[in-house]
Protein chains: 2
Amino acid sequence: MHGRGPWWQERFNQHCVRVTAAREVVINVLHETAEHLSATEIYMKAHAISPEIGLTTIYRTLELLEQMRIVQKFDFGDGQARFELLNNPGGKGHHHHLICVKCKKIIDYKDFINEEINCLGKTQEFLSEKYNFQINDHIVSFYGLCEECRGKKS
Amino acid sequence: MHGRGPWWQERFNQHCVRVTAAREVVINVLHETAEHLSATEIYMKAHAISPEIGLTTIYRTLELLEQMRIVQKFDFGDGQARFELLNNPGGKGHHHHLICVKCKKIIDYKDFINEEINCLGKTQEFLSEKYNFQINDHIVSFYGLCEECRGKKS
DNA sequence: TATAATAATGAAAACCATTTTCATTTAAAG
DNA sequence: CTTTAAATGAAAATGGTTTTCATTATTATA
Ligand SMILES: [Mn+2]
Ligand SMILES: [Mn+2]
Ligand SMILES: [Zn+2]
Ligand SMILES: [Zn+2]
């Protein structure tokens with residue numbers, strides 16, 4: 001529309017952070033998946049594109065992108081952090097999660113999302129005033145058992 | 001009121017799990033704190049009461065209590081799981097969290113909690129129908145910067 | 001353009017919360 | 001009492017993540 005460069009360009013500028021090949025690859029990998037990738041999974045996909053990228057850089061890039069609020073980090077209870085792009089044009093958009101505590105299946109949902117956001121927005125405003133917080137984000141997750149896992153005994 | 005034994009006795013019976021000294025100590029430690037303790041912190045407090053209890057047992061007990069839905073496990077982003085009693089009589093009751101991403105300060109809040117629960121209850125019912133999930137739990141967390149951390153530069 | 005200062009990177013090592021192994025103890029069942 | 005299964009602790013292993021450090025790439029400056 002107005003500025004040049006991709007949607008995240010401006011964030012990089014604001015944070016005085018350089019646009020490097022590795023960082024672009026990480027963003028692109030996240031763009032091209034609908035899943036919730038772990039650092040290692042991102043590394044493998046990035047490595048397939050640019051084999052010189054190391055796992056350390058993936059971790060460093062993800063932390064940077066999280067601080068710039070380009071990605072959101074999640075803990076779904078399977079022992080490793082998982083990542084999703086945040087507010088990327090053409091992306092999933094803001095959504096919440098439904099997680100099976102046994103098989104760790106993750107479902108993105110947007111049902112009633114407007115009501116939820118509306119309700120949370122009121123709370124957010126109240127809390128930021130009451131506790132003097134600058135609130136940037138929220139997470140809503142439901143935990144339970146999926147159909148398959150409900151059947152199993154153990 | 002009617003049954004004998006503490007509030008969690010029935011859960012132990014249902015799950016065919018033995019009531020042991022170590023398990024009682026863990027529950028008591030969680031009862032006596034308003035904080036969100038990590039496994040190691042629980043271990044230290046338990047160890048002060050019963051020095052024979054090992055850290056391994058703390059981990060095993062916490063996983064068991066989580067499965068019995070006596071405790072709830074949280075990831076507040078500081079690299080270790082933290083635990084809170086769930087629905088214990090005389091406890092905090094159901095609440096949500098406000099977390100400082102920098103200093104990891106955690107604030108329990110119950111403001112607008114009824115509206116939130118009400119809104120989430122509708123979503124939960126819809127999702128459990130749509131995806132055939134047995135939903136047992138939910139987490140709502142706001143993330144941001146507390147007053148002190150907002151001032152700092154880095 | 002040459003030079004200096006700074007940021008970014010990869011490989012290897014370190015870190016550390018959590019899990020696994022295994023021998024031992026404890027408690028329920030018959 | 002005997003048998004069987006559950007619970008436990010110490011030590012070792014695991015594995016995701018972070019740190020270290022030498023090297024390279026980028027930007028600022030002269
Ligand atoms: Mn998602
Ligand atoms: Mn709490
Ligand atoms: Zn499942
Ligand atoms: Zn803070």
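The chains referred to below are lettered A, B, ... by the order of the sequence lines, with proteins before strands, and numbering in each begins at 1.
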**Q** Both Cys16(B) and Pro51(B) contact DNA chain D. Taking the nearest nucleotide for each, which residue is further toward the 5' end?
**A**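 Of the two residues, Cys16(B) wins.
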**Q** Starting at CG of Asp78(A) and ending at P of dT18(C), how long is that distance when rounded to a whole Å?
**A**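 To the nearest whole Å, that distance equals 14 Å.
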**Q** In whole angstroms, how far is the P atom of dG16(D) from the CZ atom of Phe76(A)?
**A**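 So the CZ-P distance, Phe76(A) to dG16(D), works out to 17 Å.
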**Q** If we count only N and O atoms by modelled type, under 3.5 Å, do the side chains of Asn87(A) and Arg69(A) hold a donor and an acceptor together?
**A**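 No, because no side-chain N or O of Asn87(A) sits under 3.5 Å from a partner of the opposite role on Arg69(A).
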**Q** Could you tell me the separation between the NZ atom of Lys73(B) and the C1' atom of dA17(C), rounded to a whole number of Å?
**A**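 One finds 10 Å between C1' of dA17(C) and NZ of Lys73(B), rounded.
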**Q** Atom CZ of Arg60(A) and atom P of dT20(D): how far apart are they, to the nearest Å?
**A**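 The answer, rounded to whole Å, is 12 Å.
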**Q** Among Tyr109(B), Phe74(B), Phe142(B), Tyr143(B), which residue meets the ring-ring contact (aromatic ring centres under 6.0 Å, His included) test with His97(B)?
**A**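 Among Tyr109(B), Phe74(B), Phe142(B), Tyr143(B), the one meeting ring-ring contact (aromatic ring centres under 6.0 Å, His included) with His97(B) is Phe74(B).
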**Q** Quick check: on DNA chain C, is the nucleotide nearest Gly79(B) upstream (toward 5') of the one nearest Val19(B), or the reverse? Name the residue that is more 5'.
**A**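 Nearest nucleotide further toward 5': that of Gly79(B).
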**Q** Whole angstroms only, please: what is the CG-P distance between Leu55(B) and dT8(D)?
**A**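 Checked: the CG to P distance equals 14 Å.
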**Q** As a test of reading the structure: which of dA28(C), dC22(C), dT6(C) is closest to the side chain of Arg18(A), going by heavy atoms?
**A**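 Nucleotide nearest to Arg18(A)'s side chain: dT6(C).
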**Q** Closer than 4.0 Å, any side-chain N/O of Thr20(B) to the OP1 or OP2 of dT8(D)?
**A**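 Result: yes.
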**Q** Between His96(B) and His138(A), is the ring centroid distance below 6.0 Å?
**A**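 Here the rings of His138(A) and His96(B) have centres that are no less than 6.0 Å from each other.
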**Q** In this structure, how many angstroms lie between the C1' atom of dT18(C) and the CD atom of Gln80(A), rounded?
**A**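 Taking atom C1' of dT18(C) as the reference, CD of Gln80(A) is at 14 Å.
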**Q** Side-chain N or O of Arg23(B) versus OP1/OP2 of dT8(D): is the shortest distance under 4.0 Å?
**A**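 For Arg23(B), the contact criterion (side-chain N or O under 4.0 Å from OP1 or OP2 of dT8(D)) is met.
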**Q** Between Glu84(A) and His95(A), is a side chain to side chain donor-acceptor pair (under 3.5 Å) present by the stated rule, with each step listed?
**A** CA-CA 11 Å; Glu84(A) 245 185 347; His95(A) 61 271; 3.0 Å; yes
**Q** When you measure from the side-chain N and O atoms of Tyr59(A) to the phosphate of dT17(D), is any distance below 4.0 Å, counting only OP1 and OP2?
**A**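 Tyr59(A) to dT17(D) OP1/OP2: side-chain N or O found under 4.0 Å.
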**Q** Between Asn114(A) and Glu116(A), is there a side-chain donor-acceptor contact under 3.5 Å, judged purely by atom types and distance?
**A**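 Asn114(A) and Glu116(A) do not have a side-chain donor-acceptor pair below 3.5 Å.
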**Q** Between dC22(C), dA11(D), dT19(D), which one does the side chain of Thr56(B) approach most closely?
**A**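 It is dA11(D).
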**Q** Starting at atom CZ of Phe12(B), determine the distance to atom C1' of dA28(C), rounded to an integer number of angstrom.
**A**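 Answer to the nearest Å: 16 Å.
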**Q** How long is the line joining CD of Glu63(B) and P of dA7(D), in whole Å?
**A**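 The answer, rounded to whole Å, is 13 Å.
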